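First up is the structure itself, then whatever we jot down about it.
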There are 4 protein chains.
Amino acid sequence: MEFNSNKSIYNQISDLICENILLGKFHEEDRLDSVRDMAGNLEVNPNTVMRSYSFLQDEGIIYNKRGIGYFISTGAVTRILDIKKRTFVDEELPSVFRQADIYGISPDEIKVLYVDYKKGVENEEK
Amino acid sequence: MEFNSNKSIYNQISDLICENILLGKFHEEDRLDSVRDMAGNLEVNPNTVMRSYSFLQDEGIIYNKRGIGYFISTGAVTRILDIKKRTFVDEELPSVFRQADIYGISPDEIKVLYVDYKKGVENEEK
Amino acid sequence: MEFNSNKSIYNQISDLICENILLGKFHEEDRLDSVRDMAGNLEVNPNTVMRSYSFLQDEGIIYNKRGIGYFISTGAVTRILDIKKRTFVDEELPSVFRQADIYGISPDEIKVLYVDYKKGVENEEK
Amino acid sequence: MEFNSNKSIYNQISDLICENILLGKFHEEDRLDSVRDMAGNLEVNPNTVMRSYSFLQDEGIIYNKRGIGYFISTGAVTRILDIKKRTFVDEELPSVFRQADIYGISPDEIKVLYVDYKKGVENEEK
DNA sequence: GTGGTCTAGACCACC
DNA sequence: GTGGTCTAGACCACA
């Protein structure tokens, strides 16, 4: 897997895991890949994966059983929505809207772009 | 002026200048504050301002007259819209929509949030 | 290493790296010395090296792996030739020819001077 | 008149005057335009012209009659050829040849490029 | 006065 | 360990 430049890798990995949980690909109380396996799959330094896991653990999204591995917490979905959606709506969206405003993109256009985006994603999945 | 921590200062200065140009506060062929003056006003090191200016010059948004100062290029508005709007629509929006989708925010909700945001801004201006 | 006074140091470093790539001393996908090491070798401030690296990155000649270092891009040779040869032939040569013309140096004489130069270089290498 | 970026303006003005002398447009013992006139014609700061004149005076190419103006020295042509041609052949050409060598341009190609250049100039003059 | 470059040294996030 | 950014302060050429 390749990682885009502007976000730190460990952050992208955290996001990836959260998304998979929200999308139902990972389930609560599932065990995550070991740090080494995950690092191998993603072609990334184990330290970097470790950092993602630690971060998610701090957020209460996963937890650790010593010597066994990392597991997705019960209630992880709720917690992710709590944390991420809030920062998304409260912090990210305003900055996005501010830019859209400057560039003269109307609310209707934004809606249309979003609809188009969703269509694009659907087609890819087929 | 205060700077946000997550973006580099020189980047925020560049953005600030671009926005002022788009908003019509700075005009094409206007002279920018000298590096030292701008640095003084923003309470920032001259090197940091220099970096912003150099960056904008590379982008063709401002240009330099030897020994006189930096000036806003003719066509700067167009160029900024070209560069920024393109990266906004092509790179920023998709990631925003992807998140919105995951968090279950519909196109109509996005539109409403944007409308609300614009109202908020208008009220502030009064 | 010693630097010529009329060109900026960071520029000379960039040129040095490009030449080494063209001459086959550095190869595509090789890792460059770290900023600090290079600075130490050249007896120069790390910031100065950083500037060279950033410049070459902007030109697409080298790229960065986060936390690991700078690497020579695949296709760097082509890209350098593209950039440098073009500016050499289109911008530098005309001014040279213009001067040669004024000083009454004929095309044949230029050719002879060049041949002599190449012989001189060959002898040095022995 | 517009001045290209990479050389200092006063230097470009000096070169311009020297060329006009070599090309026979200005003659020895001719009076040069006053600093102010020249500055007006070139749309440049008088200080900058002054600097060119001083420079040329230091080189012995022009001389000053107090209160009257600057005049081209007798022997200016010889002196210019002495100074400029020497630095051209001894310093500029080697660096040019070095680059040509790196870019794989042969002596014959250089000659052809030079011949082409001369043809181009001739056509412009018609 | 203007920009441009460089040094020294610091701090940070990241791998 | 890596790069990236920033400050403070200096020096230079140029207009």
Side-chain angles (χ1 to χ4, degrees), chain A residues 3 5-14 35 39 42-52 54-55, chain B residues 3 5-13 31-39 42-55 57 62-71, chain C residues 3 5-13 31-39 42-55 57 62-71, chain D residues 3 5-14 35 39 42-52 54-55:
Chain A
F3 294 95
S5 53
N6 48 357
K7 254 190 182 178
S8 62
I9 295 177
Y10 90 89
N11 234 309
Q12 294 180 57
I13 295 174
S14 307
V35 172
L42 300 177
E43 295 176 353
V44 145
N45 189 303
N47 283 327
T48 308
V49 174
M50 190 58 217
R51 201 155 169 176
S52 300
S54 300
F55 175 76
Chain B
F3 293 98
S5 56
N6 52 355
K7 249 190 183 178
S8 62
I9 294 178
Y10 85 89
N11 232 311
Q12 294 180 59
I13 295 175
R31 180 175 172 283
L32 290 171
D33 281 352
S34 80
V35 173
R36 287 164 175 81
D37 287 352
M38 180 70 86
L42 300 177
E43 295 176 350
V44 145
N45 187 291
N47 281 325
T48 306
V49 174
M50 188 64 212
R51 220 168 148 173
S52 301
Y53 283 14
S54 297
F55 172 75
Q57 189 178 31
I62 66 180
Y63 68 94
N64 177 263
K65 283 190 194 165
R66 306 180 67 112
I68 303 179
Y70 280 92
F71 295 78
Chain C
F3 293 97
S5 58
N6 52 354
K7 248 189 183 178
S8 61
I9 295 179
Y10 85 89
N11 232 310
Q12 295 179 58
I13 295 175
R31 182 176 170 280
L32 290 170
D33 280 352
S34 80
V35 173
R36 287 164 174 81
D37 286 352
M38 180 70 85
L42 300 177
E43 294 176 351
V44 144
N45 188 290
N47 281 325
T48 306
V49 173
M50 188 63 214
R51 220 168 148 174
S52 301
Y53 282 16
S54 298
F55 172 75
Q57 188 178 32
I62 65 180
Y63 68 94
N64 177 264
K65 284 190 194 166
R66 307 180 68 112
I68 302 180
Y70 280 93
F71 295 78
Chain D
F3 295 94
S5 54
N6 47 356
K7 255 191 183 177
S8 64
I9 295 178
Y10 92 90
N11 234 309
Q12 295 180 57
I13 295 174
S14 307
V35 171
L42 300 178
E43 296 176 352
V44 145
N45 190 302
N47 284 327
T48 308
V49 174
M50 190 60 217
R51 204 158 167 171
S52 301
S54 300
F55 175 75

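Keep in mind that this is a model prediction, so the values were computed, not measured. Numbers restart at 1 for each chain; the letters A, B, ... are given by sequence-line order, proteins then strands.
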Ring geometry between Y63(B) and F71(B) (parallel below 30°, tilted from 30 to 60°, perpendicular above 60°): parallel
Backbone N/O of I9(C) and side chain of R51(C): donor-acceptor pair under 3.5 Å: no
Spacing of Y53(B) atom OH relative to dT5(E) atom C1', expressed in whole Å: 18 Å
Smallest separation among heavy atoms of K7(C) and Q12(C), with atom names: O-NE2, 2.8 Å
Whole-Å distance separating the CG atom of N11(D) from the P atom of dC12(F): 19 Å
Euclidean distance, atom CZ of residue R31(C) to atom P of dG3(F) [Å, nearest integer]: 6 Å
Distance in angstrom units between K7(C) NZ and dC6(E) P, rounded: 12 Å
For atom CD1 of I68(B) and atom P of dA13(F), their distance in whole Å: 20 Å
Under 3.5 Å: donor-acceptor pair, side chain of S52(A), backbone of Y10(A): yes
Strand partner of dC14(F), provided both Watson-Crick or wobble distances fall under 3.5 Å: dG1(E)
N or O in side chain of Y10(C) less than 4.0 angstrom from dT5(E) OP1/OP2: yes
Criterion side-chain contact (heavy atoms from CB on, under 4.5 Å) on Y53(B) and D33(B), from CA distance to verdict: CA-CA 10 Å; Y53(B) 283 14; D33(B) 281 352; 4.3 Å; yes
Atom pair CD1 (I62(C)) and OG (S54(C)), whose distance is rounded to the nearest 0.5 Å: 8.0 Å
Distance (rounded to the nearest 0.5 Å) between N11(D) CG and F55(D) CZ: 6.0 Å
S8(A) side chain near dA13(E) phosphate (N/O to OP1/OP2, under 4.0 Å): no
Short side-chain N/O contact from R66(C) to OP1 or OP2 of dC14(E), under 4.0 Å: no
Rounded interatomic separation in angstrom, taking CD1 from I13(A) and C1' from dC14(E): 12 Å
Pairwise 5' ranking along DNA chain E for R36(C) and R36(B), keeping only the more 5' one: R36(B)
Atom pair distance, as rounded to whole Å: CG in N6(C) and P in dC6(E): 12 Å
Could you list the protein-to-nucleotides 7-10 of chain F atom pairs, N/O on both sides, closer than 3.5 Å?
{"residue": "dT7(F)", "atom": "OP2", "partner": "N45(B)", "partner atom": "N", "Å": "3.1"}
{"residue": "dT7(F)", "atom": "OP2", "partner": "T48(B)", "partner atom": "OG1", "Å": "2.6"}
{"residue": "dA8(F)", "atom": "N7", "partner": "N45(B)", "partner atom": "ND2", "Å": "2.7"}
{"residue": "dA8(F)", "atom": "N6", "partner": "N47(B)", "partner atom": "ND2", "Å": "2.8"}
{"residue": "dG9(F)", "atom": "O6", "partner": "N47(B)", "partner atom": "ND2", "Å": "3.0"}

Atom pair distance, as rounded to whole Å: CD in Q12(C) and P in dT5(E): 12 Å
Any R51(C) side-chain N or O less than 4.0 Å from OP1/OP2 of dT5(E): yes
